[in-house]
Amino acid sequence: PYFQRGWVYFRSSLYFISSLKKPWQESRVDCLQQGADLVIINSREEQDFIRKFYGLIWIGLTRRGHNGTWRWVDGTPLTKSYWSPGEPNEFEGKKEDCVEIKHHEMDDSWNDIPCEDQNFWICEKMVAV
Ligand code: 2F8
Ligand code: CA
């Protein structure tokens with residue numbers, strides 16, 4: 001592996017955990033400016049690793065601009081998902097098109113919420129091997 005200040009290494013990727021809160025799109029722009037993107041969760045191991053960071057955290061999953069279908073920021077469709085019980089639910093008819101990690105203590109912890117809400121975020125970049 002290799003190391004970079006402010007980034008955490010896990011299974012061939014580096015992860016950056018924000019100390020600010022921003023809306024989903026602005027969080028994504030921060031990642032892109034750092035040569036990364038919002039985190040894409042591909043396995044139970046990665047889900048467990050990510051959810052253990054305390055706080056409400058944006059992940060790189062949205063249905064905004066995709067006719068209501070969930071897409072990862074790299075354009076791939078959602079195959080494995082880790083929704084909290086009852087989610088996604090567009091709570092009280094609100095448009096909830098972006099996804100946060102909500103319960104760090106629960107295996108399944110994703111929640112759909114409005115993209116304009118402010119959360120922490122996690123960026124991911126693959127490490128060239
Ligand atoms: O109970 C689940 C529900 O909790 C909140 O609404 C009260 C969430 N909304 C926000 O955090 C804005 C819902 O997305 C969530 O489904
Ligand atoms: Ca919800």
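Atoms within a ligand are numbered from 1 in the order they appear, just like the ligands themselves.
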Next item on the list: Return yes if a side-chain donor-acceptor contact under 3.5 Å exists between D74 and T76, otherwise no.
Entry: yes
Note to self: What protein N/O/S atoms are there under 3.0 Å from the Ca ion (ligand 2), waters excluded?
What the structure shows: E87 OE1, N89 OD1, E96 OE1, N111 OD1, D112 O, D112 OD1
Next item on the list: Run the numbers for me: atoms of ligand 1, each under 4.0 Å from some heavy atom of D117, listed by number.
Entry: 12 (C)
Note to self: Does the residue K102 have a heavy-atom contact with ligand 1, meaning some pair of atoms that are separated by less than 4.0 Å?
What the structure shows: yes
Next item on the list: May I ask you to say whether R51 pairs ionically with D108, meaning some side-chain N is under 4.0 Å from a carboxylate O?
Entry: no
Check: Of L56, N111, N89, which has the heavy atom at the shortest distance from atom 8 (C) of ligand 1?
Finding: N111
Checklist line | Centroid-centroid under 6.0 Å between Y15 and F49 rings | finding: yes
Check: What part of K94, side chain from CB on, backbone N/CA/C/O, both or neither, has a heavy atom under 4.0 Å from ligand 1?
Finding: neither
Item checked: Atoms of ligand 1 close to D112 [distance to a heavy atom under 4.0 angstrom, numbered from 1] -> 14 (O)
Margin query: Below 4.0 Å, non-hydrogen atoms only: which portion of E96 touches ligand 1? Side chain, backbone, both or neither.
Written below: side chain
Note to self: Just checking M126: does its CE atom have more than 12 heavy atoms from other residues, nucleotides or ligands closer to it than 6.0 angstrom?
What the structure shows: no
Notebook entry, point to check: Got a salt bridge between R64 and E116, using NZ or NE/NH1/NH2 to carboxylate O under 4.0 Å?
Noted result: yes
Next item on the list: Flag the pair E124 / I40 as yes when at least one side-chain heavy-atom distance between them is below 4.5 Å, and no otherwise.
Entry: yes
Check: By number and element, which atoms of ligand 1 are closer than 4.0 Å to a non-hydrogen atom of I113?
Finding: 10 (C), 11 (O), 14 (O)
Next item on the list: Show which atoms of ligand 1 fall inside a sub-4.0 Å distance from at least one heavy-atom site of E87.
Entry: 2 (C), 3 (C), 15 (C), 16 (O)
Check: So, R44 side chain and D107 main chain: donor-acceptor pair closer than 3.5 Å or not?
Finding: yes
Next item on the list: Starting from atom 7 (C) of ligand 1, locate the nearest protein heavy atom and write down its residue, its atom name and how far away it is, to 0.1 Å.
Entry: F91 CE2, 3.3 Å
Check: Do K125 and W7 meet the cation-pi criteria used here (NZ or CZ under 6.0 Å from the six-membered ring centre, within 45° of the axis)?
Finding: yes
Note to self: Under the criterion ring-ring contact (aromatic ring centres under 6.0 Å, His included), I'd like the reasoning laid out for W70 against W110: C-alpha separation, chi angles, the key distance, then a yes or no.
What the structure shows: CA-CA 13 Å; W70 295 108; W110 298 359; 8.7 Å; no
Next item on the list: Taking S81 for its side chain and W83 for its backbone only, find out whether a donor-acceptor pair lies under 3.5 Å.
Entry: no
